[in-house]
Enquirer: 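One structure, pasted below without further comment.
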Amino acid sequence: MIQTQLLRLDPPYQIISAGGQVGIQLATLIVTEEKTTETGEYVIDTHSHPVVSYGLKEGLVEEFKYGSSYPKDVEFRNNRLQPEGAVWNKVEVSDIHVLGLAGADNRPISMATFFSIVPPSASYMPYYRVWDGKSLTKMFDLLFGFSRVGLRCEKREWKKRDPYDMENRQMYMELETTDDGSPLVRVVLINAGEFELYSSNMGFWCPLYDEDGGIDGCSKFIVCVVREMEIHFINGRIGDKFTYWRTGEHPDLDDLMYKLVDLVNEGLGLE
């Protein structure tokens with residue numbers, strides 16, 4: 001026999017995370033199953049699942065200002081995350097992490113904590129925090145969830161360096177190659193010691209060519225993502241220009257990469 005009980009919680013509600021989601025816990029759904037095993041043993045299995053709200057109901061999340069590609073349509077995301085009383089049926093209460101209290105002046109969440117709760121399927125390299133497009137979507141989904149429940153990430157100062165000091169490269173792009181031989185742009189931002197993440201590198205991949213065979217789509221995408229990272233993780237503005245780091249792959253595309261770097265620096269207002 002299966003029995004359920006809804007245990008309603010009292011304010012202040014806790015802001016919780018699990019499995020790459022973030023929400024405000026309103027109640028706990030307790031599911032109890034009484035059964036007899038094949039050996040005749042009487043067993044009671046109990047599961048406790050969080051019942052959550054996703055926070056903000058009205059208005060757009062102002063932090064997302066550059067969302068032509070990521071996030072794709074802020075209003076759509078705002079309308080999509082509306083349910084009150086959603087049950088996290090694949091999450092046990094014992095699995096959740098408490099991040100703060102709803103309506104309180106919570107301390108900013110460290111970047112180390114933020115990236116520890118990004119969905120496990122979001123891919124990154126072990127020594128470089130480099131994201132592909134699918135993983136970026138997950139990261140921005142979580143950032144959007146943070147904004148809705150009133151959380152923010154801790155911002156760090158960006159320490160400007162000499163962009164041509166190759167021993168301390170800070171912002172650069174390089175070319176890699178996909179399995180099918182297509183050129184892939186790797187965009188890396190480094191702020192050594194400031195982000196407290198492995199080697200303190202952040203970045204992402206994107207295809208060099210857009211659907212029309214040009215690089216305008218790539219440059220706009222890079223500008224969009226860098227601006228979002230700047231808004232959420234950096235106190236102030238990034239002041240360093242991107243440079244092109246030649247890896248020896250696709251040497252015939254060097255001139256095109258220099259053009260891409262110029263377009264991105266121009267889009268970011270980095271003279």
Side-chain angles (χ1 to χ4, degrees), residues 64-77 115 118-119 121-144 158 163-164 166 169-191 197-199 201-234 237-271:
F64 291 91
K65 299 179 181 179
Y66 300 91
S68 59
S69 297
Y70 286 90
K72 293 178 175 178
D73 191 351
V74 174
E75 185 171 5
F76 168 74
R77 287 174 178 240
F115 283 112
V118 173
S121 58
S123 61
Y124 60 89
M125 298 174 65
Y127 299 107
Y128 295 88
R129 181 64 63 170
V130 181
W131 304 80
D132 58 19
K134 185 177 181 180
S135 301
L136 279 169
T137 303
K138 295 177 184 291
M139 184 179 77
F140 284 129
D141 275 340
L142 185 58
L143 282 171
F144 189 83
W158 184 270
Y164 298 100
M166 291 297 102
R169 290 173 291 154
Q170 186 154 358
M171 293 174 61
Y172 64 96
M173 301 180 205
E174 62 184 18
L175 274 175
E176 295 184 354
T177 306
T178 62
D179 292 339
D180 64 3
S182 301
L184 192 68
V185 178
R186 178 168 174 248
V187 184
V188 179
L189 298 83
I190 304 176
N191 205 12
L197 284 172
Y198 299 102
S199 62
N201 296 357
M202 292 181 61
F204 52 93
W205 288 292
C206 62
L208 175 61
Y209 298 115
D210 53 33
E211 294 179 354
D212 298 325
I215 62 172
D216 285 348
C218 179
S219 65
K220 291 177 181 178
F221 174 82
I222 293 172
V223 169
C224 168
V225 174
V226 171
R227 279 287 183 246
E228 293 294 353
M229 289 183 172
E230 187 179 64
I231 288 171
H232 293 283
F233 302 131
I234 299 169
R237 295 288 303 275
I238 292 176
D240 294 285
K241 295 174 67 175
F242 274 103
T243 57
Y244 172 44
W245 181 252
R246 297 175 63 185
T247 61
E249 297 193 41
H250 301 288
D252 55 312
L253 297 178
D254 283 348
D255 289 343
L256 196 60
M257 282 298 298
Y258 284 119
K259 181 179 179 181
L260 175 65
V261 167
D262 288 342
L263 286 173
V264 170
N265 285 332
E266 181 181 352
L268 292 170
L270 299 173
E271 301 298 333

Enquirer: Calculate, to the nearest 0.5 Å, the distance between atoms CE and CH2 belonging to M257 and W245 respectively.
Expert: 13.5 Å
Enquirer: Roughly how far, to the nearest 0.5 Å, is CG of D262 from OH of Y244?
Expert: 13.0 Å
Enquirer: If you round to the nearest 0.5 Å, how far is CG of N265 from OG of S219?
Expert: 11.0 Å
Enquirer: Could you pull out all residues at least two apart from D216 that satisfy side chain to side chain contact (heavy atoms under 4.5 Å, CB included)?
Expert: D210, L263
Enquirer: Rounded to the nearest 0.5 Å, what separation is found between the SG atom of C218 and the CG atom of L184?
Expert: 9.0 Å
Enquirer: Starting from the C-alpha separation in whole Å, work towards a yes-or-no answer on side chain to side chain contact (heavy atoms under 4.5 Å, CB included) for V223 and K220.
Expert: CA-CA 5 Å; V223 169; K220 291 177 181 178; 5.7 Å; no
Enquirer: Test M173 against every option in L208, V187, T243 by the side-chain contact (heavy atoms from CB on, under 4.5 Å) rule and name the one that passes.
Expert: V187
Enquirer: Do L256 and H250 pass the side chain to side chain contact (heavy atoms under 4.5 Å, CB included) test, and can you show the C-alpha distance, the side-chain angles, and the key distance before you say yes or no?
Expert: CA-CA 10 Å; L256 196 60; H250 301 288; over 6 Å; no
Enquirer: I want to check something: taking the side chain as every heavy atom from C-beta on, are V261 and K241 in contact at a cut-off of under 4.5 Å?
Expert: no
